[in-house]
There are 2 protein chains.
Amino acid sequence: MTATAHPAARGGYAKGRATREEILDSAMRLFGEVGYHTASLREVSARVGISHPGLLHHFASKAALLEAVLVRRDEIDQAAFDADVAAGTDFFDALVRVVERNAERPGIVELFATLSAEATSPEHPAHRYFEARYRTVIDQSVSAFTRWQSAGRLRAGIEPLVAARLIVAVMDGLQVQFLMERDGPGAQLDMAAALRAQIDALRAP
Amino acid sequence: MTATAHPAARGGYAKGRATREEILDSAMRLFGEVGYHTASLREVSARVGISHPGLLHHFASKAALLEAVLVRRDEIDQAAFDADVAAGTDFFDALVRVVERNAERPGIVELFATLSAEATSPEHPAHRYFEARYRTVIDQSVSAFTRWQSAGRLRAGIEPLVAARLIVAVMDGLQVQFLMERDGPGAQLDMAAALRAQIDALRAP
DNA sequence: GTCTATACAACGATAGAC
DNA sequence: GTCTATCGTTGTATAGAC
């Protein structure tokens, strides 16, 4: 089926680390395009120009490849978020900026939206990853809302934990609507604006 | 419109319908247990007691079987929702009751949460189904919030369309958190209570 | 350590017999 | 309407070239 490139065509064998990065790039792109389940290891390897057992030398399984993609993507996003917060940006403003950046990369949004739902199953290879991720984001949001509460800025009758879960739920849910309408007619959903409205709604009047 | 195309002119439907129902029952159960992708046609057919080409005689593809399951599930849910509204229940109270019922059926919640994310892709067999579903729910919510607005009950600065999208986003997002924590320690997430908090947050103070 | 080649069981789907 | 047989593709495992 595919014309497998020979090692010589790719510059020899001494490319271990570089090949790994190429695989990660290729996999992140393909997972984002067609989803994790639909993407095949043979297609990822073909795009890199190696055989699929060649890929499996760098990543022991498809699940391991997925996890590496997730960790890598998270490092990039987390770095941008941390930079914002370190620069003095308000926590929720920094969240809005994350959403703004995501709106520019539908492929990544699709990957995370699909995976966070799949990974809900305890047996899914990315389950522990997403569990930890949700715990972290919710904990940080609870802290921020608790500070609001102390300053009398949190809407009465809503606990910080519930507010935190609603914020995270809105970020997740908006992604699905954003993706669902991306090919349709009319103006596209502005996720960042909707998130701002949600933050306002949780603010004391 | 639907992809469940029957061979229009065919004689013997008498026994076919019963088998069809058995397949639908079995598929809905298995999809809910292990998810759409993990479930195999061979397993569904084995539970019914036929071969998998036998199943494919009733449903042209795995995707067509999925769509039939979704339509069937939706009819049941919609009937319960409509009954609530017909009995004079407020629109948002009826939504909360939908969520309450869902909390009793994690398998169905997982099926819908996973699929609504997957079906985001325009090529997915259930894409058109979910697109229509979202349009309907959002339209109904917009109507309800517009009535709120006329009565001065909608929080100032939030448009009915944005409020509607936030409600739907919260319902979707809470499902992911609910599923993600279902096997973990501690008390389980109360989706209905969180949805009530969200509705309160969108109410004029 | 890096990679190709090959084999395997399970999958969705199709063809044709009864 | 349901079967057996078969196809191409998938994730994965192993053997071995350099």
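Lettering of chains follows the sequences in order, A, B, ..., and the numbering in each one begins at 1. The basis for the numbers below is simple: all heavy atoms, side chains too, and nothing from hydrogens, waters or symmetry mates.
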* Structure fact -> Closest heavy-atom pair, B:Thr120 versus A:Leu179, reported as atoms and distance to 0.1 Å, is CG2-CB, 3.2 Å
* Any B:Ser51 side-chain nitrogen or oxygen under 4.0 Å from OP1 or OP2 of D:dC3 -> yes
* To do: Take the protein atom CG of B:Leu55 and the nucleotide atom C1' of D:dT4, then report the distance between them rounded to whole Å.
  => 16 Å
* To do: Among residues two or more places apart or on two chains, list those pairs meeting ring-ring contact (aromatic ring centres under 6.0 Å, His included) that have a residue in residues 41-84 of chain A.
  => A:Phe81-A:Phe91
* Any chance the side chains of A:Gln198 and B:Gln198 put a donor and an acceptor closer than 3.5 Å? -> yes
* Protein-nucleotide distance (B:Phe59, atom CZ; D:dT2, atom P), rounded to Å -> 12 Å
* Report the C-alpha separation of A:Leu41 and A:Leu65 in whole Å, then their side-chain angles, then the decisive distance to 0.1 Å, and conclude whether the side-chain contact (heavy atoms from CB on, under 4.5 Å) test is met. => CA-CA 9 Å; A:Leu41 294 181; A:Leu65 172 59; 4.0 Å; yes
* Asked: Relative to the ring of A:Tyr36, is the ring of A:Phe31 parallel (under 30°), tilted (30 to 60°) or perpendicular (over 60°)?
  -> perpendicular
* To do: Look at A:Thr19 and C:dT2 and indicate whether a side-chain polar atom (N or O) is within less than 4.0 Å of OP1 or OP2.
  => no
* Structure fact -> With the side chain defined as heavy atoms from C-beta on, B:His57 is closest, among D:dT2, C:dT4, C:dT2, to D:dT2
* **Distance in angstrom units between A:His58 NE2 and C:dT2 C1', rounded** => 6 Å
* Asked: Can you tell me if CD on A:Glu159 sees more than 12 non-hydrogen neighbours from other groups inside 6.0 Å?
  -> no
* Salt-bridge present (B:Asp90, B:Arg97; N to O < 4.0 Å) -> no
* Quantify the bending of the helix from C:dG1-D:dC18 to C:dC18-D:dG1 as the angle between its end axes, each fitted on five pairs, to 10°. => 10°
* Structure fact -> Only one of B:Arg105, B:Glu100, B:Glu104 passes side chain to side chain contact (heavy atoms under 4.5 Å, CB included) with B:Asn102, and that residue is B:Arg105
* Structure fact -> In B/S/- notation (B base, S sugar-phosphate only, - none; protein heavy atoms under 4.0 Å), nucleotides 11-18 of chain C written 5' to 3' is BBBB----
